[in-house]
Amino acid sequence: MVSKAVLPVAGLGTRFLPATKAVPKELLPVVDRPAIQYIVEECARAGLDDVLLVTASGKSTIEDHFDRLLDLEAALEDKGKTDDLAAVRDLADLVSIHSVRQGEALGLGHAVLQAEHHVGDESFVVCLGDDIVDPRTPFLERMIAAHHRTGVAVVALMEVPEDQVHLYGVADVTPGDEPGEYRISELVEKPPVDEAPSNLIVVGRYVLPGSIFPVLHDTPPGRGGEIQLTDALQTLAADEPIVGIVLDAPRHDTGDKLGFLKATVELAAIREDLGPDFVAWLREWLETQP
Ligand code: UTP
C-alpha cells in the first residue's frame, strides 16, 4: 500500500520575487490557505497519512503551519470561535508531517533523493509543493490505483498547445490499458517543437517505486546544472514501462505569477461560501474593462 508522500518545498522561488524573498512560495495564500495546504489536503483525501516535506533553511514556517499552536487555540476557545478553532486544530491532525532538509537547491531529483532514508524501498507519491490540482478531482487516487494495478511508476500528463512543448518535459507515448492512460517509452526534456514526440507534458504528481533512489544516486546534473527527476525517470523508462495518466481537471502552477492569479480566481469561484459573491463581482468588473 502506498502511504507516504514526499513534497519538495526547498526551491528558491525565483519566478515569484520579490514576494518569495522572505516568504516561501508554498506559503503564499490562495484564497484563505497557503498553496501547500491544498496539496497536503489532497494527499489526505488520497489516503496518504505520512507526508515528508523536503525543506530548506529559511522555510521552517512551512512545518510550523502544520503544527499545533496552543496559545492561538486557547485564545480562540476563550472567544468561542469554534469554526476557526476547528480549522486550526484539524490541520495538525490531517496527516503525520515529517521533514528533511535539502541543504542546497540542486534540483527536483536531488530534493526527492533526500527522502530515501524516510521512504526506504516502498513506493511513494511525489507532489510538487507549488502545483495545485482542482480539489474536486480524485486524480491522485486514480494514479495510486494505477500503480497498484501495474506495479510501475505512474506520472501525471497534461496536454499543452504545440508551441509550448519546448518549455517542459515531453512524453513519447503509446496507448495504455484504460482511457486517458498511456505507456511512456521516453521522456524528452524541453525539445524543439519539431522534435517533440507529443504534446503531453509531465506535471507535478508522481507515484514512484523505491527503485528510483539508486537511479537518482547515479543521475548526473543535467539541465541548469540540477539533478533532474525527469532524467532519472528517463533511465527508469529504459528498463521498465512508465504509465502516464492525462490529468482531466484544472491544475495551477502557483510558483508562476499568472498561474497563481488563475488559481486564486478558480479556487475562490468554486467555494460555496465565497464563490457566488466573488463571481458576481468579477462579472461586473470585467464588463467595466475595455
Ligand atoms: P520549481 O522549479 O517550480 O521550483 O520546482 P523553484 O526552483 O523554486 O522555482 P523558480 O524557477 O526558482 O521560481 C517545483 C517544486 O520543487 C521544489 C520547489 O520548492 C517546488 O515546490 N524544489 C525545486 C526543491 O525542493 N528543490 C529544488 O532543488 C528545486
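Counting starts at 1 for both ligands and their atoms, following the listed order.
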Closest protein heavy atom to [atom], given as residue, atom name and distance to 0.1 Å:
atom	value
atom 2 (O) of ligand 1	Arg15 NH2, 4.4 Å
atom 8 (O) of ligand 1	Gly13 N, 2.8 Å
atom 25 (O) of ligand 1	Ala10 N, 2.8 Å

Within ligand 1, which atoms have a heavy atom of [X] less than 4.0 Å away?
X	answer
Ala105	28 (O)
Gly11	8 (O), 17 (C), 18 (C), 19 (O), 22 (N), 23 (C), 24 (C), 25 (O), 26 (N)
Leu106	28 (O)
Gly129	21 (O)
Gln102	24 (C), 25 (O), 26 (N), 27 (C), 28 (O)

Once you round to the nearest 0.5 Å, how far does CZ of Phe124 lie from CG of Leu48?
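CG of Leu48 is found 12.0 Å from CZ of Phe124.
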Quick one: CG on Leu106 to CG on Leu113, what's the gap to the nearest 0.5 Å?
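So the gap between those two atoms works out to 10.5 Å.
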Sub-3.5 Å N/O-N/O distance, Thr14 and ligand 1:
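N/O-N/O distance under 3.5 Å: yes.
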Do Pro8 and ligand 1 have an N or O pair less than 3.5 Å apart?
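Yes, Pro8 has an N/O under 3.5 Å of an N/O on ligand 1.
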Greater than 12 external heavy atoms within 6.0 Å of [X]'s [atom1]:
X	atom1	result
Asp121	CG	no
Asp83	CG	no
Glu240	CD	yes
Glu272	CD	no

Can Glu26 be said to touch ligand 1, with heavy atoms closer than 4.0 Å?
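Flag set, Glu26 near ligand 1.
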Quick one: does Lys25 get within less than 4.0 Å of ligand 1, heavy atoms only?
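So Lys25 counts as touching ligand 1.
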What class does the angle between the rings of Phe260 and Phe16 fall in, given that below 30° is parallel, 30 to 60° is tilted and above 60° is perpendicular?
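It falls in the perpendicular class, over 60°.
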So which of Ala111, Gly107, Gly255 gets nearest to atom 29 (C) of ligand 1, if we judge by its closest heavy atom?
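Result: the heavy atom closest to atom 29 (C) of ligand 1 is in Gly107.
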Which option wins on minimum heavy-atom distance to atom 7 (O) of ligand 1: Leu229, Leu12, Leu128, Thr20?
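Closest candidate by heavy-atom distance is Leu12.
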Over all atoms of both residues, closest heavy-atom pair of Ala35 and Thr254
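Smallest interatomic distance, heavy atoms only, reads CB-OG1, 3.7 Å.
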State, with a plain yes or no, whether a side-chain heavy atom of Ser60 is found less than 4.5 Å away from one of Thr55.
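Counting from C-beta outward, Ser60 and Thr55 never come under 4.5 Å.
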